[in-house]
There are 2 protein chains.
Amino acid sequence: MSLHHPPTDELELTAVLHALSDPQRLRIVQLLAEQDTAVPCGSLPLGISKSTATHHFRVLREAGLIEQSPTGTTKLTTLRRADLDARFPGLLEIVLASPLLLAASASGS
Amino acid sequence: MSLHHPPTDELELTAVLHALSDPQRLRIVQLLAEQDTAVPCGSLPLGISKSTATHHFRVLREAGLIEQSPTGTTKLTTLRRADLDARFPGLLEIVLASPLLLAASASGS
DNA sequence: GGGCTAATACGACGATTATCGAACAATATG
DNA sequence: CATATTGTTCGATAATCGTCGTATTAGCCC
């Protein structure tokens with residue numbers, strides 16, 4: 001069981017931008033950014049079905065935004081901050097710092 | 001005949017990211033970034049049908065990335081650099097500075 | 001083995017999207 | 001007016017997309 005993570009030098013800008021353009025996925029990235037360590041997928045309060053969450057995590061992983069490592073029955077997930085910064089310097093930070101309507105509606109970000 | 005341009009404080013990050021995530025639209029933005037002044041839509045060497053171009057320009061305009069002003073039979077188009085930088089500081093610059101596969105395939109960018 | 005939990009695969013659905021060519025609209029010129 | 005140019009609208013198409021529930025898989029523990 002190996003999860004595919006694209007190598008840093010193969011990260012495509014359009015894939016990254018597309019992954020970040022969905023409100024749910026942007027929210028996932030935002031929540032992950034608040035964590036100090038890798039966290040299980042299911043621990044994030046997304047409010048969507050598990051299968052939809054799986055779909056979104058997959059898009060994020062294949063675009064190179066997250067790294068998932070199987071740990072027991074769960075998947076510890078974390079942002080590939082260093083890789084993203086190496087490939088697209090500053091992009092993630094700017095996205096995370098940008099005004100987000102959903103953050104406000106999600107309350108207490 | 002009035003074209004709708006969203007006000008700066010209503011620009012949505014997901015709309016901007018989505019607009020930039022399409023290879024053609026990213027190319028349009030890149031080409032526009034190289035111009036010193038507003039240029040007619042048709043002057044950009046896109047290699048797609050005019051109706052498809054119209055569609056893309058519309059997406060970019062509605063997301064707030066470009067401004068179009070009717071001039072005679074043409075539409076002078078320019079990037080809303082200042083507005084984008086005011087709303088999402090640094091985002092456009094980073095996107096323009098990022099490695100683009102299409103730029104290489106388009107040759108001589 | 002059984003039981004439990006976390007996550008995925010699968011099929012389905014409605015909506016959206018990028019693309020095109022043909023017809024059309026808007027503008028300018030003689 | 002007719003003609004030319006630029007850009008848009010329209011209808012169509014195939015593909016993609018986000019979402020869901022159900023069945024299944026993977027891993028762990030007793």
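Letters A, B, ... mirror the listed sequences (proteins, then strands); counts begin at 1.
Side-chain atoms of K50(A) come within donor-acceptor range of the base of dA7(C), with a qualifying N/O pair under 3.5 Å.
Side-chain contact between L76(B) and P40(B) is present, with at least one heavy-atom pair separated by less than 4.5 Å.
Of the candidates D83(B), L11(B), L60(B), L65(B) forms a side-chain contact (heavy atoms from CB on, under 4.5 Å) with just one, namely L60(B).
Atom pair L3(A):CG and dG27(D):P shows a separation of 11 Å (rounding to whole Å applied). A straight line from CG of D22(B) to C1' of dT16(C) spans 14 Å, rounded to a whole angstrom. If you take CG of L17(B) and C1' of dT17(C), they are 17 Å apart, rounded to a whole angstrom. Between the CG atom of L76(A) and the C1' atom of dT5(C) there is a distance of 15 Å, rounded to whole Å. Atom CG in L44(B) sits roughly 13 Å away from atom C1' in dG7(D) (whole-Å rounding). As rounded to whole Å, 15 Å separates atom C1' of dA18(C) from atom CG of L26(B). Between I28(A) atom CD1 and dG18(D) atom P there is a gap of 11 Å when expressed in whole angstrom units. With rounding to whole Å, L20(A) atom CG is found 16 Å from dC17(D) atom C1'.
Sequence order on DNA chain D of the closest nucleotides to S21(A) and S51(A) puts S21(A) first from the 5' end. Heavy-atom distances to DNA chain D give each of T52(A) and R61(B) a nearest nucleotide, and the one nearer the 5′ end belongs to R61(B).
Candidate nucleotides dT9(D), dG21(D), dT8(C) were compared by shortest atom distance to the side chain of Q68(A), and dT8(C) ranks first. Taking only side-chain atoms of T73(A), from C-beta outward, the nucleotide of dA6(C), dC20(D), dT8(D) with the closest atom is dA6(C). Comparing dA7(C), dG18(D), dT19(C) by their closest approach to the side chain of H55(A) singles out dG18(D). For P40(B), the side-chain atoms get nearest to dG7(D) when compared with the rest of dT17(C), dA7(C), dG7(D). Side-chain proximity of K75(A) to the nucleotides dA9(C), dT17(C), dA7(C) is greatest for dA7(C). In the set dT19(C), dT8(C), dT8(D), the nucleotide with an atom closest to the side chain of T54(A) is dT8(C).
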Practice task
Take T8(B) and L84(B) through the side-chain contact (heavy atoms from CB on, under 4.5 Å) test and state the conclusion after the steps.
Solution key: CA-CA 7 Å; T8(B) 303; L84(B) 287 163; over 6 Å; no
Exercise for the section: For V95(A) and F88(A), run side-chain contact (heavy atoms from CB on, under 4.5 Å): C-alpha distance rounded to whole Å, both residues' side-chain angles, the deciding distance at 0.1 Å, then the answer. Expected result: CA-CA 12 Å; V95(A) 167; F88(A) 311 114; over 6 Å; no
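Here the shortest heavy-atom pairing between D22(B) and T14(A) reads C-CG2, 4.4 Å.
Using a 4.0 Å cut-off, no side-chain N or O of T74(A) falls inside it from OP1 or OP2 of dA6(C). Distances shorter than 4.0 Å separate some side-chain N or O of R25(A) from OP1 or OP2 on dG18(D).
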